[in-house]
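Quantities reported herein were computed from a predicted structural model and do not represent experimental measurements. Note on naming: letters A, B, ... go to the chains in the order of the sequence lines (proteins, then strands), and numbering restarts at 1 for each one.
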Amino acid sequence: MIAPPAELPAPGRVGWADHDLLEVAMGPHHPSTHGVFRMNVVLDGESVAKLTPIFGFLHRNHEKIAERNSYLAAIPYTDRLDYICSMTNNWAYVLTVEKLAGLPVPDRAEYIRVIVGEFTRLFNHACMAGFLLQDMGALGTPLMYAFREREKILDLFEALSGSRMMCNYLRFGGVRCDLPGGWREQAAGVAAAFHPFLDQFEALLSENEILRARTQGVGVLPPALAVNAGVTGPGLRASGVNYDIRKVDQYGIYNRFKFRVPLGARGGDVFDRYMVRILEMRESLAILEQALRDIPEGVFLDPKAKLRNLRPKAGEAYGRIEAPKGELGFYLISDGGPAPYRYRIRPPSLVNLTVLEDMCLGHAIADVVIILGSIDIVLGEVDR
Amino acid sequence: MLGRGILRGLIETGRNFCGSYYDPARLTTVQYPEEKLPPQENARTLPFLVYDGQDPLAGLRCTACTICEQECPAHCIRIVKDTVKKPDYLGKMQFHPKVFDIDAMVCMSCGVCVEVCPFDSIKMDRVFELAQDRRALVLHKMNLAKSNQYYREIHPTEAAAVDAARDEEQRKARAKKAAAPAILTP
Amino acid sequence: MNALDQIFVSTLHRLAGFAPASARPLVSMLLIIAGLMALFGTCFALATILERKTLGRMQNRYGPNRVGPFGLFQPIADGVKMLIKEDIVPFSADQALHFLAPLVLTVPVWLAFAVLPFGRNMSAIELDSGILFFFAIGSASELAVFMAGWSSQNKYSLLGAMRAIAQMISYEVPLVLASVPALIAAGSLSLPAIVQAQSGFALGWVPRWNVFTPWGLAGFALFLIAATAESNRCPFDLPEGESELIAGYLTEYSGFKYALFFLGEYLGLFAVTGLAVTLFLGGWQAPAPWLQWLPTWGWFALKFSALIFLFIWARATLPRLRLDQLLHFAWKFLVPLALINLVVAVAWCKSGLWQFPAALEIRWLLGAGVLAASYVGLGRSWKGGYPERRQYNYAQ
Amino acid sequence: MLNEISFYLLAALTVACAVAAMALRRLVHCALCAAAAFAGLALIYLQLDAEFVGFAQLLVYVGAIAILIVFAVLLTRGEEAAPGGRQSSPSWISGVGIAVLLLAGLLLPILASPSLQHGAPPAPVPSVKRIGEELMTRYVLPLEMVGVLLTAALLGAVVIALREPSDGNLPGNSPAQQRAKTGEAMNL
């Protein structure tokens with residue numbers, strides 16, 4: 001008999017009835033939990049009384065490995081953090097090491113990084129909407145459309161970096177290799193073809209009454225709670241808080257691009273989180289068009305950049321980027337040796353997961369599944 | 001009016017259903033065993049050792065400098081240096097690996113070894129149908145060695161650049177050698 | 001053309017002729033039963049494969065095409081797989097009920113086909129109260145679902161069964177109410193009489209089907225929505241398609257019993273679609289006078305497959321409703337609309353006696369106006385209010 | 001000849017189900033046997049060519065009332081088997097006696113009635129149209145009364161089912177929560 005919850009939170013909106021509490025364990029290999037993630041849900045009648053997330057099933061000791069290997073050897077491991085957006089993981093790590101060792105980055109490499117980062121954001125948001133609809137029972141049709149577009153972008157990544165998902169493409173002071181011939185035109189073509197896909201996606205879903213009925217008013221995340229819990233990314237913006245690291249830090253060359261930051265309209269429920277991501281996809285397309293248009297010629301890797309036995313001077317650095325799921329940060333302490341003394345990651349999925357219970361109280365089980373889907377977590381990043 | 005969104009959704013899937021019969025963009029499945037997508041030029045799966053000339057063992061470019069063994073993130077390369085030295089393409093006397101094993105189970109095909117190798121002796125292969133019935137997954141020197149022609153086939157632009165650089169060095173070395181004896185004789 | 005139309009009836013009489021006179025009715029009934037079961041058995045097999053292929057095509061992929069030409073032998077492969085799969089019965093399960101549940105589900109559904117008129121005088125039994133028989137048989141499936149959910153002695157299947165019963169009961173009311181207007185128009189409960197009432201062509205080319213009247217159109221839509229819910233298909237596939245209750249009352253079933261449940265579900269869908277075609281789409285009537293030379297059972301098959309495609313189409317597109325929204329939708333939207341539709345249908349039939357010139361148009365306008373107004377009014381007052389359209393702004 | 005055999009068969013089936021509904025140990029089995037008995041009764045009506053009554057019986061009893069009984073059994077958690085006590089109470093003799101008396105009371109007037117001597121006149125097959133007309137003309141008042149009664153019952157059910165916090169305690173401290181707060185083991 002598991003220990004009963006010490007103290008039950010205030011009742012959710014649904015009226016309490018004096019049924020007995022029913023313990024339901026969802027996961028770890030449950031059809032709708034985005035990987036190995038388990039939730040112990042205590043049900044009172046139909047509504048959720050208590051929800052304890054249990055994760056750690058995918059822990060691979062990433063940080064200890066990185067502290068044992070050289071700085072260069074950690075890059076392939078960052079691909080496997082958030083295995084959907086490997087390029088942005090590389091970028092966050094490489095940004096931090098450049099800040100630690102003070103390495104300059106040529107302009108062409110910065111443009112390539114922006115292009116590759118925004119492409120990653122595009123198919124990550126498309127996949128999130130697809131999986132959310134599949135949790136809602138739309139039997140994979142939106143997911144198939146999202147995957148169709150994702151394939152085009154992954155082919156571009158394979159032509160560029162050699163591998164579809166585990167790109168291992170960024171290096172300290174630039175990128176590993178230059179754009180192959182004709183890649184730029186292909187990329188412009190894929191970006192242009194994304195607009196009709198988005199209209200098709202919106203036509204299929206955004207006005208769908210069943211989708212609106214299932215998601216509006218469900219899993220509301222008040223802005224105050226979002227800020228206190230450290231939620232970042234589309235989830236935070238859906239709650240109406242204007243915080244986008246691309247605008248705040250202006251890292252890389254984001255200040256050269258004109259793009260807007262969409263905010264939630266009704267205090268951050270599941271529908272807002274879905275719509276903010278759709279609108280963000282349109283903004284990413286705008287950035288892509290500008291970046292692909294004015295990418296300069298020139299060197300793609302800083303000539304003085306040292307690939308092997310990089311030994312940054314002793315010190316510490318915290319670099320962060322606006323990853324598709326939120327603020328992905330790396331905190332490195334160097335003691336002058338070939339390997340980082342301390343290598344810490346701030347995973348956006350894990351931090352966004354902490355508010356799962358507050359959003360699920362009082363809702364039915366069917367909503368818990370959707371709320372989890374709307375937070376958009378990837379277990380590789382949560383467990384590291 | 002209630003139901004308009006659902007109708008638009010139905011029209012969308014209906015258009016996809018009809019489109020899949022005539023519009024290639026709406027039917028994207030590649031029937032794998034029969035049809036195969038043309039492999040990308042930069043694709044990388046498992047590493048292989050390049051050798052010049054005909055004899056795989058004699059022509060190996062690898063000089064057992066073990067840089068790749070140190071830099072490999074997954075530590076899946078094991079090299080045992082040979083005792084006797086042999087001349088390389090520049091005529092310099094170099095060691096050669098007696099044993100060069102890559103554990104294919106551990107290798108995550110990241111390509112770091114290719115970047116750090118100073119002698120262009122290890123490159124990334126493109127073959128991805130690696131299923132086999134035996135459990136022999138530690139690739140030895142014999143299975144790893146592949147000819148330069150094969151390398152030029154799978155990565156044409158990259159191989160051309162590498163060969164041009166090597167020919168350039170060979171020409172410079174020969175020119176230096178031709179000039180060097182002049183100094184010795186007086 | 002009568003020969004081709006009556007080909008099944010004539011072959012039946014010729015075959016029954018071999019039997020001795022006394023046993024002739026019994027033999028002909030057995031032949032009909034064998035024919036219907038063979039027809040709808042293959043229809044079930046075809047439906048599974050065509051559904052998966054159509055879903056595939058809507059999702060930009062092929063759907064099964066490896067087993068046999070265009071994947072047509074896939075149902076045979078599925079059937080063999082189901083037969084070979086081990087039939088696990090949980091230890092704590094109630095053995096008798098666990099075994100009986102699939103039977104109690106599929107047997108009544110086979111009976112429902114006895115009443116449907118597949119062509120001119122081609123219905124197995126001409127019952128005076130055919131449609132009442134149909135709904136009486138349909139109501140036995142709830143018992144079977146309960147037996148399945150209860151006998152598995154497992155928390156999830158019981159929850160799934162309770163939800164399924166709640167859904168089926170609350171959608172049986174609009175199903176029956178939506179079919180009553182067709183009975184009023186035909187003035188009889190027997191299905192062949194209803195199809196007969198829909199024969200003939202108004203204004204020369206518009207067939208006199210119920211669906212071409214305001215109450216008929218609304219009734220047809222209500223009937224289809226209630227039919228999807230009754231046969232647990234998307235967007236109401238709550239009981240077994242649930243992403244959190246695993247497979248609802250089907251959790252503890254495997255092997256051939258699991259296949260029997262699917263047979264029962266598909267046959268239920270075929271029966272309800274057959275009824276929808278009979279009540280609203282004029283059964284086996286041809287859509288235009290110059291098309292009447294085609295066999296009548298051909299028209300029934302065409303309309304039948306069109307509706308089945310509609311169900312599959314909805315399954316590919318629509319997400320699932322939550323249980324409370326589903327029940328609200330039934331009681332607060334479908335039932336009131338069905339009652340209003342009933343009133344409009346009665347008014348339509350009564351106003352049939354108006355002789356002045358523009359009578360038809362006025363009756364049409366009145367009927368359609370009342371129904372549209374109630375549709376929009378009820379839509380607005382739906383539980384969560386009208387799903388709001390939101391205006392998204394950007395940070396300054 | 002076929003009719004008699006099928007009638008006796010059906011009657012035996014119905015009586016057997018009715019007895020089983022009383023005698024079985026597990027409450028859910030009894031409920032289902034009761035449903036089977038209703039179905040048997042419906043088949044007997046059909047055998048007498050009373051289609052409308054037969055299908056109505058099937059629709060109302062097997063479709064609705066059987067489910068009602070089953071839900072009642074389920075929701076009151078009364079499904080545990082009887083604790084192994086004797087099936088029949090000790091004073092079963094008096095029970096049988098009362099049953100026989102009741103049977104006699106029913107049978108005697110039927111046997112004594114004159115219509116049994118010279119066979120019932122061939123009643124016209126009751127078509128649905130005739131039943132409809134009868135309902136709407138001669139028996140319209142009882143029909144309306146039954147309608148009103150059913151609506152009242154429906155409204156009563158809705159009022160009972162409205163969920164309000166049980167007997168006045170605040171939503172926050174229903175018994176389930178007190179138990180959880182005081183750390184008592186949850187009744188899973």
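Of all the listed residues (A/D244, A/L205, A/D272), the one sharing the greatest number of non-hydrogen pairs under 4.5 Å with chain C is A/D272.
For a residue to count as touching a neighbouring chain, one of its non-hydrogen atoms must lie under 4.5 Å from one of that chain's; by this rule A/F271 touches chain C with backbone and side chain alike. With a 4.5 Å cut-off on non-hydrogen atoms, C/R315 touches chain A through its backbone and its side chain both.
Nearest approach of C/P319 to A/L211, heavy atoms of both residues: CG-N, 4.2 Å. The nearest pair of heavy atoms linking A/Y145 to C/M58 is OH-O, 2.9 Å. What you find for A/N208 and C/T317 is that their closest heavy atoms are ND2-O, 4.4 Å.
Atoms OG1 and CZ, on A/T215 and C/R322 in that order, are 10.0 Å from each other to the nearest 0.5 Å. To the nearest 0.5 Å, the span separating CD1 on A/I365 from CG on C/L323 amounts to 12.0 Å. Note: C/Y394 OH to A/L263 CG = 10.0 Å, rounded to the nearest 0.5 Å. From A/T141, atom OG1 reaches atom CG of C/N60 across 9.5 Å, with rounding to the nearest 0.5 Å.
A/R214 places a side-chain N or O within 3.5 Å of a backbone atom of C/R320 that can act as its donor or acceptor partner.
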